[in-house]
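A quick write-up on the structure given underneath.
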Amino acid sequence: MSKLENILSQQVKSAVKELYGIEADDKMIQLQKTRPEFEGNVTLVVFPFVKAARKAPAQVATEIGDWLVNDKIVNDKIVNKFNAVQGFLNLSIADSFWLGQLEAIAADENYGQLQRPTTNDQRPLMMVEYSSPNTNKPLHLGHVRNNLLGWSIAKIQEANGWKVVKTNIVNDRGIHICKSMLAWLKFGNGETPESSGKKGDHLIGDYYVRFDKEYRKQVAELMANGMNEETAKKEAPLMKEAQAMLLKWEQGDKQVRDLWAKMNSWVYAGFDETYRKMGVSFDKIYYESNTYLEGKSEVEKGLAAGQFYRREDGSVWADLTKDGLDEKLLLRSDGTSVYMTQDIGTAKLRYQDYPIDKMVYVVGNEQEYHFKVLSILLDRLGFPFGKELVHFSYGMVELPNGKMKSREGTVVDADDLMEQMFADAREISKDKVNTLPDITDEEANEIARKVGLGALKYFILKVDPRKNMLFNPEESIDFNGNTGPFIQYTYARIQSVLRKASLSGEAGLTVQRSDSVAVQQQSGLNSKELALIQRLADYPSVVRQAGDDFSPAVICNYAYALACDFNSFYHDYSILNEPDEAVRALRLTLAATVAKTIRHAMDLLGIEVPDRM
RNA sequence: GGUCUGGUAGCUCAGUUGGAUAGAGCAACAGCCUUCUAAGCUGUGGGUCCCGGGUUCGAAUCCCGGCCGGAUCACCA
């Protein structure tokens with residue numbers, strides 16, 4: 001609750017108690033921003049009091065308004081005027097309150113950083129798992145959404161007072177990588193990233209696609225010879241070879257392991273480059289090849305404890321029918337482990353490594369069932385954290401003709417997309433950026449990088465993470481309107497103003513108490529200034545809501561609204577040419593504070609802001 | 001079929017625990033640069049909030065029933 005809401009809430013409670021004898025709880029105090037077509041800053045919805053007051057809504061509104069303005073409030077009298085429209089009481093808050101808010105916000109170096117109750121002076125620890133790629137193909141747009149969400153959520157939770165550890169579990173073993181390895185052995189002629197000039201992850205991805213192509217050919221051949229599809233898929237020699245390779249891998253066959261290590265190292269080099277370009281990183285990386293054995297042993301323990309059962313063929317299962325779910329395989333009949341097994345082991349190791357208070361998995365909504373099961377299994381195995389794990393389940397990125405599929409080549413590649421964004425940004429900014437004084441090629445490129453990436457990140461993060469979103473490769477991502485560059489541009493314009501102010505030796509960059517008093521006594525705040533201060537004052541509660549909801553989109557909406565408010569103000573009023581010194585100081589402070597808040601909000605989104613563009 | 005999830009302007013999306021005449025951007029059209037950066041600002045047109053019931057002072061929002069889409073229910077990850 002903001003300071004304004006706090007004060008008003010108290011006063012309204014007093015009012016309705018005195019007027020009607022109502023003991024109002026927080027739920028009954030409904031405050032909202034006044035709609036622009038009415039006069040006022042804050043609106044109280046009075047319907048909750050109408051029944052007990054036994055009066056018409058408009059009359060109740062008028063009586064409460066009257067009380068707030070005229071009655072014997074000694075401290076914090078902040079309501080100046082009011083008007084009542086039906087059951088809505090529109091309140092005008094005194095300039096002195098807003099000016100005080102601005103002074104406080106301007107002075108707060110860490111505005112937007114929230115505190116969280118601590119135990120033993122330790123911030124609670126949240127671990128955020130995101131990215132978690134397979135090592136058989138390069139990252140695509142779906143991964144981009146995951147990475148941007150994971151990064152942003154980590155930043156948002158830090159701003160909400162958590163200590164955050166970002167982690168990545170790399171799915172580096174399994175049948176998928178064996179397929180790439182096999183295709184490379186058969187068709188690769190020793191191709192390496194060096195020899196071909198390809199990025200390692202792309203090279204491996206090409207062989208994954210190659211495997212699929214050859215495999216399908218074999219299946220088609222078998223079917224042409226009269227075999228049914230199901231059998232053909234199992235009997236195709238390539239598939240059998242891949243499975244044999246996986247078994248060799250688990251047995252530790254040196255040749256297979258060496259090849260595996262070599263090819264994975266190519267992939268990691270490629271991933272590192274993509275991550276760097278995207279601007280994401282991790283505090284701790286786990287590899288499935290190091291955790292799956294731990295998972296196996298946990299399953300064995302659970303089996304011994306009677307939590308699980310073994311079937312005749314040797315496979316191990318969990319019976320979840322009591323929880324309203326199915327039976328779930330934990331170990332295959334040949335003793336090899338599955339995805340779930342690995343996740344159990346990873347969870348255990350993580351809790352050994354860190355004093356985790358909350359574990360968050362940023363994983364697509366297609367895996368909701370998996371995490372429901374994982375939660376129950378961890379709980380059964382006696383891990384106290386099982387029940388409370390959070391599956392941050394986000395929606396798919398869809399193309400106009402449906403889902404992306406690696407094997408069908410209908411994917412938007414992460415590297416290509418980012419390069420395209422840089423190129424677009426460079427093209428769009430050409431006329432504009434080249435006119436900036438003393439601009440170097442280097443800076444121009446850097447601006448294009450920040451803006452292109454900003455456009456992409458904002459485009460993805462502004463959508464409610466829970467919902468599926470659509471990306472149309474035919475239409476380029478916008479740089480105008482409700483976009484990252486729009487907000488970056490607002491920031492750059494403010495920086496330009498601030499640079500000029502400091503050049504001309506404007507001392508009072510920060511509004512002082514005396515300025516505030518002068519402003520109050522003279523013109524007062526204009527509506528655009530007031531709207532901006534009110535917006536700035538909202539920021540902490542927006543950060544809190546984004547944290548509670550795990551939603552970067554909330555931050556996007558706020559940053560956009562703040563930029564809109566500023567642009568409107570900037571258009572209507574001059575900052576540097578304002579003759580009145582107190583007003584000039586106020587506006588400079590306002591501009592600097594908006595810039596500071598934009599930078600903070602954009603940082604929560606992982607978006608950099610350029611000083612010029 | 002069971003479970004979960006979504007359906008808001010031509011398109012992409014907002015819409016805090018139910019609140020005033022449902023909002024942005026893009027696209028279309030019309031204006032605004034001698035003035036702190038026009039990636040900006042202002043205006044116009046554009047809606048059966050999927051459909052039908054219910055709850056109440058009030059429903060895009062909550063409940064029930066339909067229609068349509070997506071995900072999931074693997075010895076894949």
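Letters A, B, ... mirror the listed sequences (proteins, then strands); counts begin at 1. Small disclaimer: the values here were computed from a predicted structure and weren't measured.
Listed here is the closest heavy atom pair of A:W317 and A:F308: O-CB, 3.2 Å.
Remark: A:R584 is not in phosphate contact with B:C36, judged by side-chain N or O atoms under 4.0 Å from OP1 or OP2. Within the 4.0 Å cut-off from OP1 or OP2 of B:U12, not a single side-chain nitrogen or oxygen of A:N482 is found. Not one side-chain nitrogen or oxygen of A:R466 sits closer than 4.0 Å to the OP1 or OP2 atom of B:C4. Here A:K467 reaches the OP1 or OP2 of B:G7: one of its side-chain N or O atoms lies under 4.0 Å away. Taking side-chain N and O atoms only, A:N567 has a distance below 4.0 Å to OP1 or OP2 of B:C41. Residue A:S496 places at least one side-chain N or O closer than 4.0 Å to OP1 or OP2 of B:U37. For B:G23, the OP1/OP2 oxygens have a side-chain nitrogen or oxygen of A:R35 closer than 4.0 Å. For A:K500, a side-chain nitrogen or oxygen approaches OP1 or OP2 of B:U37 to under 4.0 Å.
Using C1' as the reference atom, B:G10 and B:A28 are 10 Å apart when rounded to the nearest Å. On the P atoms, B:C64 is 42 Å away from B:A27, given to the nearest whole Å. Rounded to the nearest Å, the gap between the C1' atom of B:C68 and that of B:C50 is 8 Å. With P as the reference atom, B:G54 and B:U72 are 38 Å apart, rounded to whole Å. Rounded to whole Å, the separation between the C1' atoms of B:G58 and B:U21 comes to 14 Å. Across the P atoms, B:G69 and B:C63 are found 23 Å apart, a figure rounded to whole Å. For B:A60 and B:G7, the C1' atoms lie 11 Å apart once the distance is rounded to whole Å. Comparing the same atom, P, in B:A59 and in B:U55 gives a spacing of 12 Å after rounding to whole Å.
RNA chain B is contacted by both A:E398 and A:H176; A:E398 maps to the nucleotide lying nearer its 5′ end (nearest heavy atom per residue). For the pair A:Y573 and A:F479, nearest-nucleotide mapping onto RNA chain B gives the more 5' position to A:Y573.
For A:F49 and A:Y20, the gap between ring centers reaches or exceeds 6.0 Å. Residues A:Y292 and A:W249 bring their aromatic ring centres within 6.0 Å. Ring centroids of A:F211 and A:Y208 are separated by 6.0 Å or more, keeping the two rings apart. Taking the six-membered ring for Trp, A:Y558 and A:Y539 have ring centres closer than 6.0 Å.
Note on A:Y339: a base of the nucleic acid sits closer than 4.0 angstrom, heavy atoms only. If you check every strand for non-hydrogen atoms under 4.0 Å, A:D572 touches nothing. Looking at heavy-atom distances under 4.0 Å, A:A492 makes contact with a base. Contact annotation for A:L470: backbone-only contact, meaning every heavy-atom pair under 4.0 Å involves sugar-phosphate atoms and none involves a base. If you check every strand for non-hydrogen atoms under 4.0 Å, A:T43 touches a base. No engagement by A:T490 is indicated, since no non-hydrogen atom pair under 4.0 Å with the nucleic acid exists. The residue A:Q30 sits close to a base: some heavy atom pair falls under 4.0 Å. Note on A:E366: only backbone sugar-phosphate atoms sit closer than 4.0 angstrom, heavy atoms only; bases stay farther off. Here A:M396 lies out of heavy-atom contact (under 4.0 Å) with every strand. At a threshold of 4.0 angstrom between heavy atoms, the contacts of A:F38 include nucleobase atoms, whether or not backbone atoms are also involved. Residue A:V451 is in base contact, counting any heavy-atom pair closer than 4.0 Å across all strands shown. Contact annotation for A:E578: no contact, since no heavy-atom pair falls under 4.0 Å across all strands. A:V45 comes within contact range of at least one nucleobase, with a heavy-atom separation under 4.0 Å. Within 4.0 Å of A:F88, counting heavy atoms only, lies at least one base atom of the nucleic acid.
Proximity note for A:Q545 (side chain, C-beta onward) versus B:U16, B:C41, B:A14: the nearest is B:U16. In the set B:A71, B:A20, B:U37, B:A20 carries the atom at the smallest distance from any side-chain atom of A:Q32.
Two residues are said to be in side-chain contact when any heavy atoms from C-beta on lie closer than 4.5 Å; A:L498 and A:L588 meet this criterion.
Within the shown strands, B:C32 is the pairing partner of B:G40 under the Watson-Crick or G-U definition, both distances less than 3.5 Å. Pairing of B:C4, defined by two Watson-Crick or G-U wobble distances under 3.5 Å, is identified with B:G70.
Between A:Y489 and B:U37, no base-stacking contact is recorded for ring centres under 5.5 Å apart and planes less than 30° from parallel.
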**OP:** List the steps, then state whether side chain to side chain contact (heavy atoms under 4.5 Å, CB included) holds for A:L374 with A:F371.
**Re:** CA-CA 5 Å; A:L374 179 64; A:F371 282 98; 3.9 Å; yes
